Structure formats: structure tokens, C-alpha cells
**Q** 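Next up is a structure, given as C-alpha cells.
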There are 2 protein chains.
Amino acid sequence: MVTINDIARQAGVSRTTVSRVLNQNGYVSDRAKTKVLEVIEETGYVPSEQAKSLRTKKTNVIGVILPRLSSETVSRVVDGMDRELAKAGYQILLSSTSLETEKEADHIRLLESRRVDGIVLFGTHKDEAILNAIKQAKVPVVVLGQDFTPHVSSVVYNDYEASRAAVAALADVGHEKIGFIGVDEADIAVGQERRRGYLDEMKSRGFAVLPEWMQTAGFDMASGSEAFQKMLEYSQTRPTAVFAVTDRLAIGAMQRAKDAGMSVPGEMAFISIGASEASQVVTPKLATVDYYNEDAGMSIASLILEEIDEDMKDAKKIVMNYGLLLRDSLC
Amino acid sequence: MVTINDIARQAGVSRTTVSRVLNQNGYVSDRAKTKVLEVIEETGYVPSEQAKSLRTKKTNVIGVILPRLSSETVSRVVDGMDRELAKAGYQILLSSTSLETEKEADHIRLLESRRVDGIVLFGTHKDEAILNAIKQAKVPVVVLGQDFTPHVSSVVYNDYEASRAAVAALADVGHEKIGFIGVDEADIAVGQERRRGYLDEMKSRGFAVLPEWMQTAGFDMASGSEAFQKMLEYSQTRPTAVFAVTDRLAIGAMQRAKDAGMSVPGEMAFISIGASEASQVVTPKLATVDYYNEDAGMSIASLILEEIDEDMKDAKKIVMNYGLLLRDSLC
DNA sequence: TTGTACGCGTTATCAC
DNA sequence: GTGATAACGCGTACAA
């Protein structure tokens, strides 16, 4: 690999001069300049960002810790992030936990060893371990999707309000008996907040909630389907609508409903959160909440850049907007 | 940021000793060892992979150039890649062209400046410029999705055979008048090979192909819908089935067919390539070809690692398998 | 068993 | 205008 020394030698100047023409600072004669550029062109020399970083203590790389890439929401967010970061000359170094979320702390250290300028963590849960790991970190860390303020700056979706809005949408078209399909509560945002939103909205409207109406599922369609099945089996009083915390769960449940011969939304209405591509191609089209993932990505990117540039006094919290997509599965 | 020197000083030994306990090579007394580990623990010292790389000329980072992440196939492939690379201790540095595919060459240089150990390029087209850029590169480059052999090692999907198989599947259930929705031919794999597969299969079966039956579309559903519309408008003889080169196009077309009151698959059957999540939730379920994207990701990962480890004599070509998913839209 | 000295490819600080 | 020279954080002969 050709180095700055090779260029200097071949151009008959010193390293310093080469560096000067490369970074266009300091004075350098036209003669030397053209000669240097010429040699660079010939040799196909590419300066080592790596060596530069060692010296400048800046890599222009942001580490991103995520559970897995092949998820529509995640990849959208990363896309948005990348667009924003690229503008500022940063690149993304991926660090996937492969759903082993307990390893998030290790990934922080891994990225630190690479001397990334900052870390974006896709929040999957919230406990002491991860919180400590972030505090120990010597580079700025920001979290997306879980509220780690006031300790760590975060970009969060408005899970509580979005859930209330979704349930309200069902209520507005006349439903009172509304079931819920949620996920594990270790995930504060998706597990707890969305559940809380559901319960509060039901309560504020004076709607009763039977225990059997609340089911917990995993992350795939089959799981949503099972949860829906249980809801029907164990309950004397069948709900007329279901709010599922993710599109996948809703689609699984809706499929089961259709298979059972129920008319959707006539006998059973559905709404969820995600605005996935699948949600707009199922029949009927699934009513859902758009979380504007790309925007979230851009926000989290801006946030980490901010933390890198200026030493922030205290943690910042950005709450994303959401948009209700009232589609055919609603009524 | 605490360095190896700080550790050495605080532990009362030399840098060399610290380095030895870190890399567990060479002899080091138990006393020194425990002392060093103790100090490391206290300070939260994380060795700089960056500085190490400068010395060892190995970053353990693979650069990945892709058009955009928020595509189901792309994110699946990257997921597969990452899984395989992580096993070998590598991480992925993303470099998205944001669909400006003419910038692929620039991205190769960008990644070279970061001194990545190897580059994986998601092939979007094939021309002199990109081929030269790859040849100029001083690090191994492999391509996924376009056949760059014998110049550059590639992992390719079997676009030609998959297309023939898809068309054959339609023929096997009785269709003879089969339309085609393709994409721009700058993309050799998707644009040309799939088209060629379609034409050859039609020809081999002695089926006529009217020019109006062959439409070119973009990448979104709306585009597929339009293409289908044109196919019907401009042709006296309406096809009874359509092969679209991507799921999105097929779903767009199918939607249009349903909107126009045609029964699917009764009056119009569909098949495509992609096996997207959307393909299994549309009604009727879309027949499609699974390209096993995760496997492709693992293959391309293995390939680049191979090129890094041993100086390959000549370019290798790996042709991926595919699987036909015969679903409801077929008959 | 441990330490010295040098180099990896840059940038920054001087002095000329 | 230009060029030595010293860092940056680490690995590794070579010596001791």
C-alpha cells in the first residue's frame, strides 16, 4: 500500500509538503503542488484515514448497535441515519447483537475499541447493566426507541399517545370491546408503554377490559395468530376489535380471523403500529400508526452529532411524531 | 482516553509487558499479570483496535457498498453477511450510495481510505467504470448479484433459470399467454437475465410473445400497476398470466387487476421473484421465487474472507440456489 | 521474565 | 515556502 512517504520521495519533497497539498492548508508553491498531485494520480495513492485518526483522535465513524438488520423498521431507521450522517462525512459501523440483547454492553466496548466517535443504541430494554455500560463509556452514546433520560439522550417514539390514539380510533367508529395483543414487558417502550396507553384509553372511556382480552405474543405472525386464538377461546365475551402492538401481530391475528370465517372489519376490526409494507397489501388494508422511521433515524443522527460536537450539559429527549393511518381494517 | 502507557505506568511495568498480558503471548510473571489486569479493570481501559490496525495492517472491517438499506432483500443479505463475518471477528462498515449507483467507484476509494480488509459490492449494473475501479482497488473486492467473473469473484443468483422456472410454473398450470414486467436493462441480472429467461422459456414451449406483453417498470408498486395497465390497454389479445421480475411489481399489478374486477388467479395469474414478506400476506398469496437472501449473504461473506486470507489465483463464481414457492396467485 | 527501540502513516509544531 | 521532528497507541524483534 503506497504511503505519504512514497509520494514525498517520488515528488522530491517532504511529507509535510504532501500533507499540505492534501489538506490545502499552509503555503505551497504551484510547482510543488502540481508535482505532488501528479504523483498521487500516477500511484493511485489514497491517504490512510486510519493513521489520520490516530493523530487527530477523530474517526468520523458512528457505531450502531441493533438487534438485527432484517427488520423493516430497523432498516428504515438506519437508512435515515445514514443519509444524515453521510452529509456530515460520517460512516456507520454496524454491530448487530443478533437478538442477544444482553450483549449490548459488550458491543459498546467493542465499538469503543474501534474508537468510534459516537454510538447509537437501538434500545430493546432498560436495566441497570446496560445503563451502567453506557455511563462507563468514554464516547457519547444515544438511545433510540427507549427513554433513557435523564441519564442518556434519547429519541423516543410516542408509544403511549400513539397507543391511545389507535384505541381511540377504534372507539370512534363504535367499538367498546377492544382486545389487546402485546409483547414482553422487558421492552419498556413496546411492552409497557403501549399497554399503558391501551389501558388508559379504555379506562378514560369507561370501557371494561376483561383479563382474557389481553394477550402477550412474540414477534412473528404465528405468535399473533395464537394470541388471537386464545383471546377467543378463553373469553365468554368476544371483543369486536383488536389493537396489536405491531403490524406483524395484527396481520397474524387478522389472518386467523379470516380463516375462522369472520368478516374483517365487520365482525372484527384491527389496528396496530408500524406502517409496514405488508400492512398496505393485506386485505383488508391494515389500519396502523406510522412512526416515520426515516425521520427518527435522521433525528438520532443529528443528536449523536450534537453530542460529539458540543459537550452537552444534560441529556436531551426528542419525542417523535406519529401519524394515524385509518385504513380498511378499521371499519 | 486511557492508553497502554497509562496502564504500564500505573502497574509499574513496561508497555511491552502490558501488551503481553493483553495478547497472552510471551512469558509474564503472575504478579505482573494480576497487577496489570487490576489496573485495566480500574481504569476501564480498552485497547485501541485502531492503533493496533495501523501496526498490524489488519482492521477486521469489511466495507459494504449498497444502493440503500431499506430494502427487504438488501437487509436480509446484510444480516446473513454480518452473522458470518461476526463469527470471524469482522465488523461491517456501511457505505450507501443512496441509489446513486454511478458513485460506486467513489465508495470503493472511500472504503480503501479506511483501510478495510475487503469490500463487498452490491452489484446494480455493470460497466467499464465500476470494473476499472474494482481492478484499481488494492483490497479484495467481491460482487453480489451481478456476474463480474472472470474479473471479479461474484456470488450471483440464478436469474436466468429462476425466471424460466417461474414462467414454466405458469405454463404447467395451463397458461400460454404470459405477460412480462421487467426493469431497466442496465441492471444485467434483474433487467437482462430475467428477461432472457422469460423469452427463452416462452420460446422453448412454442408460446408466442406479443411486444405489448413486455413492459418495463421501475421499483415501486405503482410502477408495476402502470405497467400492467399498459399491457392491457395496448394489446388486443390479453395475456392470462404475468411474470413480474420483483414481488413489488407483481403486487402492484395484481392490485390493479383486482381493482379492475378481474379474478385472481382465475382471469389473471401472477408469479414473481423475491419471497418478500408482503408476498405472503397479499390475497391471494403471491407465487414467487425465494432467493435465500440470508444464505447469499453468508456466501458472499465467506467469499470475501477467502479472498482476504489466501491470494486467490482467479475469480470464483458462486451461483445461489433458488426455491419456487407455488402459492395461490398461480392457480 | 522483562524492557528498549523502532516502525506503522498521519498531522502539528517548530525552525529554517 | 519548506522540511525536520515529535507525537498518536500499539506490536515486536532484539537485548538484557
Side-chain angles (χ1 to χ4, degrees), chain A residues 1-37 39-40 43-61 89 109-117 138-139, chain B residues 1-37 39-40 43-61 89 109-117 138-139:
Chain A
M1 188 72 75
V2 37
T3 80
I4 196 173
N5 283 310
D6 301 328
I7 306 298
R9 195 177 327 113
Q10 291 185 44
V13 296
S14 74
R15 288 206 307 268
T16 315
T17 304
V18 177
S19 177
R20 285 204 181 95
V21 1
L22 246 30
N23 304 299
Q24 0 222 24
N25 60 359
Y27 298 92
V28 46
S29 68
D30 282 348
R31 206 177 58 81
K33 189 170 181 175
T34 50
K35 180 63 182 170
V36 167
L37 289 176
V39 176
I40 288 180
T43 55
Y45 163 67
V46 182
S48 164
E49 280 298 324
Q50 202 196 8
K52 179 193 285 194
S53 303
L54 183 60
R55 188 57 229 243
T56 60
K57 298 188 167 303
K58 188 138 190 8
T59 54
N60 281 289
V61 170
R109 294 180 64 88
L110 177 58
L111 290 173
E112 272 194 292
S113 77
R114 299 260 190 217
R115 295 297 186 266
V116 295
D117 291 339
K138 294 180 181 66
V139 294
Chain B
M1 188 72 75
V2 37
T3 79
I4 196 172
N5 283 308
D6 301 328
I7 306 298
R9 195 176 329 111
Q10 291 184 43
V13 296
S14 75
R15 287 211 316 267
T16 315
T17 305
V18 178
S19 175
R20 285 204 181 96
V21 4
L22 246 31
N23 303 301
Q24 356 222 27
N25 61 357
Y27 299 94
V28 45
S29 67
D30 281 348
R31 204 179 59 80
K33 189 170 181 174
T34 52
K35 180 63 183 168
V36 166
L37 290 176
V39 178
I40 288 181
T43 55
Y45 164 67
V46 182
S48 164
E49 278 298 324
Q50 201 198 8
K52 179 192 283 194
S53 303
L54 184 59
R55 188 56 232 251
T56 61
K57 296 183 168 305
K58 188 137 188 10
T59 54
N60 281 289
V61 171
R109 294 181 64 89
L110 177 59
L111 290 174
E112 272 194 293
S113 77
R114 299 257 188 221
R115 297 296 187 264
V116 295
D117 291 338
K138 294 179 181 65
V139 293

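Owing to the predicted nature of the structure, the values given are computational and were not obtained by experimental measurement. Note on naming: letters A, B, ... go to the chains in the order of the sequence lines (proteins, then strands), and numbering restarts at 1 for each one.
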**Q** Side-chain N or O of A/Thr17 less than 4.0 angstrom from OP1 or OP2 on D/dG1?
**A**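 Result: no.
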
**Q** Check every atom of D/dG1, D/dG9, D/dA13 against the side chain of A/Ser29 and return the nucleotide holding the closest atom.
**A**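 Output: D/dG1.
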
**Q** Please determine if a side-chain N or O atom of A/Thr16 lies less than 4.0 Å away from the OP1 or OP2 oxygen of D/dG3.
**A**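 Indeed not, no polar side-chain atom of A/Thr16 lies that close.
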
**Q** CZ of A/Arg115 versus C1' of D/dG9: gap in Å, rounded?
**A**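 Atom-to-atom, A/Arg115 to D/dG9, this comes out as 8 Å.
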
**Q** Using five pairs at either end of the helix from C/dT1-D/dA16 to C/dC16-D/dG1, determine the angle between the two local helix axes and round it to 10 degrees.
**A**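 What I find for the helix from C/dT1-D/dA16 to C/dC16-D/dG1 is an axis angle of 50°.
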
**Q** Contacts to DNA chain C from residues 4-12 of chain A, heavy-atom cutoff under 4.0 Å, which residues?
**A**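 DNA chain C contact set from residues 4-12 of chain A: A/Ile4.
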
**Q** Determine whether a donor-acceptor pair (one donor, one acceptor, N or O, separation below 3.5 Å) exists between the side chain of A/Arg55 and the base of C/dT11.
**A**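 Under the 3.5 Å cut-off, the side chain and the base do form a donor-acceptor pair.
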
**Q** Less than 4.0 angstrom between a side-chain N/O of A/Ser48 and OP1 or OP2 of C/dG9, yes or no?
**A**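 For C/dG9, OP1/OP2 do not have a side-chain N/O of A/Ser48 under 4.0 Å.
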
**Q** Quick one: is B/Tyr27 getting a side-chain N or O under 4.0 Å of the C/dG3 phosphate, OP1 or OP2?
**A**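 For C/dG3, OP1/OP2 do not have a side-chain N/O of B/Tyr27 under 4.0 Å.
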
**Q** Once you apply a heavy-atom cut-off of 4.0 Å, does B/Ser19 come out as touching a base, just sugar-phosphate, or nothing?
**A**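 Result for B/Ser19 = base.
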
**Q** Checking only heavy atoms, does the side chain of B/Arg15 share a donor-acceptor pair with the base of D/dG9 at less than 3.5 Å?
**A**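 Counting by modelled atom types and ignoring angles, no donor-acceptor contact under 3.5 Å is found here.
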
**Q** With a 4.0 Å cutoff (strictly under), does any side-chain N or O of B/Lys57 reach OP1 or OP2 of C/dG9?
**A**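 Checking C/dG9 against B/Lys57, a side-chain N or O does come within under 4.0 Å of OP1 or OP2.
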
